[in-house]
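One structure is given below, encoded as structure tokens.
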Amino acid sequence: MAKIQEMTQLSPTMEEGTIVKWLKKEGDSVSPGDIIAEVETDKAVMEMEAFESGVLLKILHTEGAKLKVGQALAVIGKPGEDVSSLLADLPKNTPNQTKVEATPPTESEAQTAKPTVQEPVATTITNNETNALPSPQTKPIQQPKENITNPALSANRGGLRVLASPLAKSIAIEQGIDLHTVIGTGPEGRITKKDVLDTLSQGSGNSRSAGVVSTRSDEVVTLNGMRKTIAKRLTESKQNLPHFYLNVDVNAKAMESFRTELLEFQKHLDPELQVKVSLNDIVVKATAAALRFHPKVNASFQGDSILQFGRVDVGIAVSLDGGLLTPVIRSADKKSILEISKEVKELAKRARERKLKPEEFSGGTFTISNLGMYGISRFTAIINEPESGILAVGSVEDKPVVENGAVVAGRVLSLTLSCDHRVIDGAVGAEFLRTLKSLLEQPSLMAGVV
């Protein structure tokens with residue numbers, strides 16, 4: 001008997017998926033565990049497995065279709081099996097394929113709609129196309145060409161008609177000048193070629209506005225699955241978790257010297273082990289070591305209890321095109337800086353390629369977010385539930401510092417700890433930052449806590 005292959009939940013936070021590529025075609029034999037399609041979830045592109053044995057009788061949605069978890073994806077059954085009754089029982093309208101049909105106008109609407117031409121429309125569209133479609137009800141009569149070409153240069157915008165010569169209009173369109181800001185000197189205020197050129201050369205000389213400003217039309221960007229999940233989770237975190245913030249400045253001279261020495265030492269290692277250690281890799285290692293000594297920070301609120309994790313799994317926020325992902329370094333406190341550096345780079349690369357598995361970006365106990373490479377001095381980050389803390393890392397900057405009672409030129413790194421006050425009290429967070437600061441300002445100490 002034929003059965004429906006549904007869109008399965010491929011990650012813990014997945015609510016819908018987009019079909020990227022069908023790896024099986026109709027008529028192919030499949031068995032449980034066979035990969036039939038690639039599906040983009042809110043986090044990554046993942047493989048969809050078949051759950052039945054038989055033949056792929058019917059593919060219900062093409063590549064690019066977006067389906068909710070549990071929605072019918074395909075039909076698997078015996079060769080030549082009649083599936084018409086099974087298909088008839090499926091919902092007619094699905095979230096990603098909705099029929100748009102024109103609604104007949106009422107008699108009163110028809111009388112007031114004489115300037116328009118009614119054209120029924122019955123088009124299959126996807127979610128991503130919905131916002132781009134015009135209303136299917138009516139088709140407006142074509143407006144003058146100048147309005148269609150560039151609405152900002154309409155000769156009758158806001159009910160004020162602008163008189164301009166064809167050449168003046170052409171130059172205005174080419175140069176992005178709004179004719180409503182130009183004062184005409186021709187007969188009856190008609191705008192001439194000279195008026196437009198004067199506006200262009202003098203900026204505000206002949207213009208009613210402060211200057212010539214080119215316009216940009218509005219753009220509606222449809223949210224992808226990842227962005228929807230980010231919006232939902234961070235909103236819930238900010239609303240539900242009582243955030244508070246602690247900031248500390250770290251003298252980064254020792255960190256930078258340590259990194260330079262480490263890079264020099266790496267030249268003598270096996271080429272396969274050579275990775276370019278970054279300051280962020282050192283921060284990850286020091287943070288993991290500090291978390292081991294402060295289990296109250298490496299914890300999670302559980303409603304009527306607090307879970308203090310026995311493991312130290314540090315998530316690293318990675319910026320992607322259209323979203324954010326947090327690959328996790330497992331047992332980071334037990335790994336060397338070189339191991340951490342190599343793993344961070346590999347996970348970040350695969351994250352940007354959308355090839356991470358769910359277990360590689362979930363289940364962390366603490367997160368680090370670094371915007372220092374963008375020149376951000378300091379910032380606050382939103383906690384990644386169900387964790388209770390996240391460390392925001394800024395850039396290393398030249399600032400005066402006090403050394404041996406004297407003010408000298410220094411290199412300063414700003415760190416901000418966001419805390420869930422249900423789990424982490426102010427003193428607990430402060431002690432954690434003090435330990436972290438000591439480890440970063442004296443990197444050799446980390447050798448004693450590995």
Side-chain angles (χ1 to χ4, degrees), residues 8-15 17 39-47 49 69 225-226 228-238 240-241 280-281 283-285 287-320 323-335 339-370 381-393 417-420 422-424 432:
T8 52
Q9 188 174 32
L10 301 176
S11 71
T13 58
M14 176 181 171
E15 295 182 354
V39 174
E40 182 179 8
T41 71
D42 58 329
K43 299 292 187 181
V45 175
M46 306 186 67
E47 297 174 336
E49 297 181 359
V69 170
M226 177 180 291
K228 287 181 181 178
T229 300
I230 291 172
K232 179 181 178 182
R233 286 176 57 84
L234 294 186
T235 298
E236 291 174 348
S237 175
K238 192 65 174 177
N240 298 333
L241 274 62
N280 191 64
D281 298 329
V283 171
V284 173
K285 175 59 182 177
T287 301
L291 288 170
R292 177 190 291 186
F293 287 104
H294 299 276
K296 291 181 180 180
V297 177
N298 191 48
S300 173
F301 186 74
Q302 302 290 305
D304 57 356
S305 63
I306 294 175
L307 172 62
Q308 294 183 1
F309 297 106
R311 54 191 171 87
V312 178
D313 295 342
V314 180
I316 311 297
V318 176
S319 177
L320 309 178
L324 187 73
L325 207 58
T326 309
V328 178
I329 307 297
R330 305 292 177 186
S331 301
D333 58 321
K334 300 178 182 178
K335 294 178 178 176
E339 290 174 321
I340 289 174
S341 181
K342 186 175 182 180
E343 192 170 343
V344 166
K345 290 173 176 60
E346 174 62 22
L347 289 173
K349 177 177 180 293
R350 291 176 52 226
R352 295 188 177 99
E353 295 172 349
R354 307 295 293 274
K355 293 182 179 180
L356 288 182
K357 299 177 181 178
E359 59 268 24
E360 293 178 309
F361 55 77
S362 59
T365 63
F366 188 87
T367 297
I368 295 174
S369 179
N370 191 332
I382 299 176
I383 297 169
N384 184 22
E385 287 190 284
E387 299 166 16
S388 295
I390 182 170
L391 184 71
V393 182
L417 177 66
S418 301
C419 305
D420 179 354
R422 300 172 302 176
V423 179
I424 304 172
F432 168 78

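Scanning both residues, L324 and V318, for their nearest heavy atoms gives CD1-O, 3.2 Å. Here the closest non-hydrogen pair linking L391 and V283 is CD2-CG1, 4.2 Å. Considering every non-hydrogen atom in both P386 and S300, the closest pair reads O-OG, 2.7 Å. The two residues M226 and G323 have their closest heavy-atom pair at SD-CA, 3.4 Å. The two atoms that bring R354 and E40 nearest to each other are NH1-OE2, 3.1 Å, heavy atoms only. Here the closest heavy-atom approach between residue A299 and residue I306 is recorded as CB-CG2, 4.0 Å.
Note that CD1 of I230 is 13.5 Å distant from NZ of K232, once rounded to the nearest 0.5 Å. Remark: R330 CZ to L347 CG distance equals 9.5 Å, nearest 0.5 Å. Atom NZ in K238 sits 7.0 Å away from atom OG in S418 (nearest 0.5 Å). Note that the CG atom of D333 and the CG atom of N298 stand 8.5 Å from one another [nearest 0.5 Å]. Once rounded to the nearest 0.5 Å, the distance linking OG1 of T326 with CD of E360 reads 13.5 Å. Atom CD of E387 is separated from atom OG1 of T367 by 3.5 Å, given to the nearest 0.5 angstrom.
In this model, a donor atom of one side chain and an acceptor atom of the other lie less than 3.5 Å apart for R233 and N384.
Remark: side-chain polar atoms of K357 are not paired, donor with acceptor, to backbone N or O of M46 under 3.5 angstrom. Remark: side-chain polar atoms of S341 are not paired, donor with acceptor, to backbone N or O of D281 under 3.5 angstrom. With S237 contributing its side chain and I383 its backbone, the two residues share a donor-acceptor pair below 3.5 Å. The main-chain N or O of A317 is never found under 3.5 Å from a side-chain atom of S369 such that the two would form a donor-acceptor pair.
Using a 4.5 Å heavy-atom threshold, the side chains of I340 and V314 count as separate. Between V39 and L10 there is a side-chain heavy-atom pair separated by less than 4.5 Å. Side-chain contact check for L320 versus R352: some heavy-atom pair is nearer than 4.5 Å. Counting heavy atoms from C-beta outward, K334 and R292 have side chains that approach closer than 4.5 Å. The closest side-chain heavy-atom distance from I368 to V393 is below 4.5 Å. For the pair E15/K228, no side-chain contact is recorded, criterion being any heavy-atom separation below 4.5 Å from C-beta on. With contacts defined as side-chain heavy-atom distances shorter than 4.5 Å, the pair R422/L241 qualifies. E346 is not listed as a side-chain neighbour of P327, based on a closest heavy-atom distance of 4.5 Å or more.
Pairs engaging residues 303-312 under the side-chain hydrogen bond (donor to acceptor under 3.5 Å, both in side chains) rule: R311-D313 [sequence neighbours left out].
Using the six-membered ring where Trp is involved, F366 and F432 have ring planes that are tilted, between 30° and 60° apart.
More than 12 heavy atoms of other residues, nucleotides or ligands shown are found within 6.0 angstrom of NZ on K345. Surrounding CD of E47 are at most 12 heavy atoms belonging to other residues, nucleotides or ligands under 6.0 Å away.
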>> side-chain contact (heavy atoms from CB on, under 4.5 Å), that's the test. Do V344 and I329 meet it? Break it down for me.
In response: CA-CA 7 Å; V344 166; I329 307 297; 3.7 Å; yes
